Every structure is written in C-alpha cells, then in structure tokens.
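To start, the structure itself, in structure tokens.
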There are 2 protein chains.
Amino acid sequence: MDYPRAVSTDPPTNAEPLRADSARVRARMLRAARERLAAGDTELPMNAIAKAAGVGVGTVYRHFPSRQALLEALAAERFTHLVDAAEQAAAGPDIATELARLLRTALDHQLGDPALAAVLAEPEAARPETRALGQALTTAVDRLLHRARAAGAIRPEITADDVRALFCGLQHAVTVSGDADRDRYVGILLRGLRA
Amino acid sequence: MDYPRAVSTDPPTNAEPLRADSARVRARMLRAARERLAAGDTELPMNAIAKAAGVGVGTVYRHFPSRQALLEALAAERFTHLVDAAEQAAAGPDIATELARLLRTALDHQLGDPALAAVLAEPEAARPETRALGQALTTAVDRLLHRARAAGAIRPEITADDVRALFCGLQHAVTVSGDADRDRYVGILLRGLRA
DNA sequence: ACCTGAACACCGTTCAAGT
DNA sequence: ACCTGAACACCGTTCAAGT
C-alpha cells in the first residue's frame, strides 16, 4: 500500500513545490510558532507569530488559513513518526508487546508535542495531509488490532477509533497528574484493554 | 467529620452573607455565564458576560477575580454533588459496585458540566471553597480505596489523586470519541483498576 | 503571484468617578 | 462599600495597496 508521507514543509493544498522564498518564509513562521509553544504559550497568536517571524499577518493567514491548520502543520512531523511506529508495531513479532510499545510511543509523542495532542483530539482535519495521516494511522492500528484479536491479546470489540480516543485520554490523565505516573497509567490502560 | 458545603452563591472569600442586591447581581452574572456555556461558547468572555448580565465589567471582576474563579463558581454545585456521591460510595455495601457507580457518576457530571471538567483538571484551586471541595473528594475517595484494597477489588497502588486524574482522562476520551462509547470506556478503566 | 500592514471589531484588565 | 464604564493594550481577521 501507498500511504502519503506528508512533511511539515508541505504546501497547504496543492502539490507544486513552493518557491524558494515562500518556503523560507514558511519555515520562519513555523519556527516562531514552535518557539512560542516551547515557551509554554499554548495560544499561538497569529499576530505575535507574524511579528516574531518578521512577516505580515496576511502571510501567516495565506499559509495557514486557521489556527487549526497551523497546529496541524506543527504536528505533521511527529504525526508521521507516530504512523511509522504504528506500522512497525503492526508488523512486529509479539503483538502484545507491540501494542504496549505503541501506547508508550504515542504517549511520548503527545507529551513531547502539545500540537500533536491537540490534532489527535480534534474531530475533523483542516488540512488534507492531516486527514491522510489520520487514515494511515487508522489502517495501521486496524492491522495491529486484527492480529491482537487473533492472538487473544485484546478485547474483540476495541476499534482503531477507540485506541485513538484512549490515547488522548491517557495523555490528558498524565497531564493532570504529572509525568511521574506515566508508566502506571499506561499499565492501567493496557490491563483494561486485555481480553 | 465536617466537610464544608460550599454552594455556588457563596461569596468569593469572606463568610459574611452578601447584601441582597449584591447577591442578585451575582446570580445574574452566573446565569449569563451558564447560558453562554450551554450555548457551546467555552470562552466565557468577561465583557460579554457583563453585558449579558446588565452590569459593568468591573463588577464581574469584583466577584470573580479571574476566569478560573468564575469557572469554579459555576462548577461548585455539581462538584458538591460529586463529593456527596463519593461519600455515599465510600459507605455503600458492596465496594466494587460502589467504585463502578462512582466512576459513572463522575463521568456524567463532567460531561454535563464543562466547568466541572475544567476545575477537576486544574492543578490549583483559585477559590478556597474549591480547595475544600477537592479535599473532601480526596478524603472520601481515600476511604473508598481503603475498603476496596481490603476487599481485593483494586490494585493496591492506586491513590485518590490517580482516581481524579483518571476521571479527567476518561472524560477526555469520551469527549474525543463520542457519547456512545461512554459505558465501554468506563468498563475498560474499571478492568484496568482491578487487582 | 505573493507579501505587507493599516484598519476594524472584539476581549482582558484597570481604575477614576459616581451612588 | 459597591457599581459603572471609559480607556488602553492586545489579538483575530480582512483586504486594498504594493513588489
């Protein structure tokens, strides 16, 4: 099969490569946004990003028509890693071990990138690249669940959508409680999923 | 024991009863805020609330020094119900059944009141009433967990703080996935908590 | 084509002036 | 004491004008 491999520097809609200066400007905006996120500012004000990147506000809106689109662009890189991890997990030797590992990886990615956590939790993708990544994730997790069911490693009624929602819930629980409880909460969820 | 029973009409800090007109104004603001929340506006703009309640902005700030304080005032009523439910659960006959019932009740309250969900997830209370409710909840859940451990109904390392964080995670998972999965997710969490 | 930034609407927050 | 609302700073979003 042939999953799209979107990268954070992809243009918003068309498949043409960006002109060099446009790509540079785009990268500057993403860097500025990431710096604000890293600094704990979860708001991502468009005006502030424009100023920090040295561009006009209109340019931010041209590249990212909404804050959601910006968040998805920021999350794209890690989202791709997560999809890779899911595909490897679906193909790994011991499926129960793979499920456990994937849960931990997903949690790490979400805790390491608030943009990814937000994107996984949103009901609808703003950018087609994000939709493609979501579908690739679903496909990989479906494969993993199929094998896990056959091996009697998981309750049969669990779907890929459940796994995604439970990823999000797990991330939220750890955010509320603190990083120290990360492994214990993963364990609780894993036990809850077992057949 | 003697837990404070804060009600949403309590004044922000002192214990003196409010003057009649002040209490009326306060109730109007809370009503206006609730209407906006019910209408799906999760933002709770102070200016808009002031206008809707027919008071000056300064009055909103006088009663609720921060948006968090406003959220906590909105959540107080349901928070009280949740604490009651936890205390009844801790005293109920079959402790495993009580734990399951409490989980469901907490989820219902959080899904029915976004303000409560936000307040349960916040690390620090803005108002003393909220802190008192939080402590009462912890005490009741501790009692419940003590009995559940003795009955071998729950993993021994689970604490009241865990339960609170997992409440929040469960709520988030259901919000991401949709109400239809509510009972299944409660089941997953319960299985994960079992000894 | 792409970028700029002024312009307008709106919200957060404060505080001098009113009752 | 308590309330009012003007005032200032800031952010979202659009769009006419520039290159």
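None of the values given here were measured: they were computed from a predicted structure.
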**OP:** Can you establish whether the number of heavy atoms outside A/Glu124 located under 6.0 Å from its atom CD is more than 12?
**Re:**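 No.
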**OP:** Quick one: stems involving DNA chain C, counted as three or more successive Watson-Crick or G-U pairs, both distances short of 3.5 Å.
**Re:**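 Expected stems, ordered by start: C:4-8 with D:12-16, C:12-16 with D:4-8.
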Per-pair distances, 0.1 Å, donor-acceptor, side chain in residues 45-60 of chain B, under 3.5 Å, sequence neighbours excluded:
none

Subject >> Along DNA chain C (nearest heavy atom to each residue), the more 5'-positioned of A/Gly54 and B/Gly58 >> reply: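 Comparing both residues, the 5'-ward one is A/Gly54.
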Original post:
Quick check: does any side chain N or O of B/Arg149 sit under 3.5 Å from a backbone N or O of B/Leu144, one acting as donor and the other as acceptor?
Top reply: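 No, B/Arg149 side chain to B/Leu144 backbone: no donor-acceptor pair under 3.5 Å.
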Subject >> N/O donor-acceptor pair under 3.5 Å between B/Arg67 side chain and B/Glu43 backbone >> reply: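 Confirmed, B/Arg67 side chain pairs with B/Glu43 backbone.
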Subject >> Protein proximity profile, nucleotides 7-12 of chain C - base contact B, sugar-phosphate-only contact S, no contact -, cut-off 4.0 Å on heavy atoms >> reply: ----SB
Subject >> Carboxylate-amine/guanidinium contact B/Arg164 B/Asp161, below 4.0 Å >> reply: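 Judged by the 4.0 Å cut-off on N to carboxylate O distance, B/Arg164 and B/Asp161 do not form a salt bridge.
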Subject >> Flag side-chain contact, heavy atom, 4.5 Å: B/Gln110 against B/Arg78 >> reply: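 Of all side-chain heavy-atom pairs linking B/Arg78 with B/Gln110, none is under 4.5 Å.
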Original post:
B/Leu190 versus B/Val186: any side-chain heavy-atom pair under 4.5 Å?
Top reply: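 SC-SC contact between B/Leu190 and B/Val186 confirmed.
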Quick one: [X] [atom1] to [N] [atom2], roughly how many Å, whole number?
X: A/Ile49; N: D/dT13; atom1: CD1; atom2: P; result: 12 Å
X: B/Arg24; N: D/dC2; atom1: CZ; atom2: P; result: 14 Å
X: A/Arg26; N: C/dC2; atom1: CZ; atom2: P; result: 12 Å

Original post:
When you match A/Ser66 and B/Val25 each to their closest nucleotide on DNA chain D, which lands nearer the 5' end?
Top reply: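 The residue mapped nearer the 5' terminus is B/Val25.
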Subject >> Phosphate-side-chain proximity, A/His63 and C/dC2, N/O vs OP1/OP2 below 4.0 Å >> reply: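 Answer no for this pair, as no side-chain N or O of A/His63 is under 4.0 Å from OP1 or OP2.
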**OP:** Let me see the working for A/Thr175 and A/Gln171 under side-chain hydrogen bond (donor to acceptor under 3.5 Å, both in side chains), right down to the final yes or no.
**Re:** CA-CA 6 Å; A/Thr175 301; A/Gln171 179 271 332; 3.0 Å; yes
Subject >> Closest to side chain of B/Arg62, choosing from C/dT4, D/dC3, C/dC2 >> reply: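 Closest nucleotide among those given: D/dC3.
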**OP:** With the side chain of B/Ser22 defined as its heavy atoms from C-beta on, choose the nearest nucleotide among D/dT4, D/dC3, C/dC3.
**Re:**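 The closest nucleotide is D/dC3.
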Subject >> Smallest separation among heavy atoms of B/Leu44 and B/Leu71, with atom names >> reply: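 Shortest heavy-atom separation between B/Leu44 and B/Leu71 comes out as CD1-CD2, 3.9 Å.
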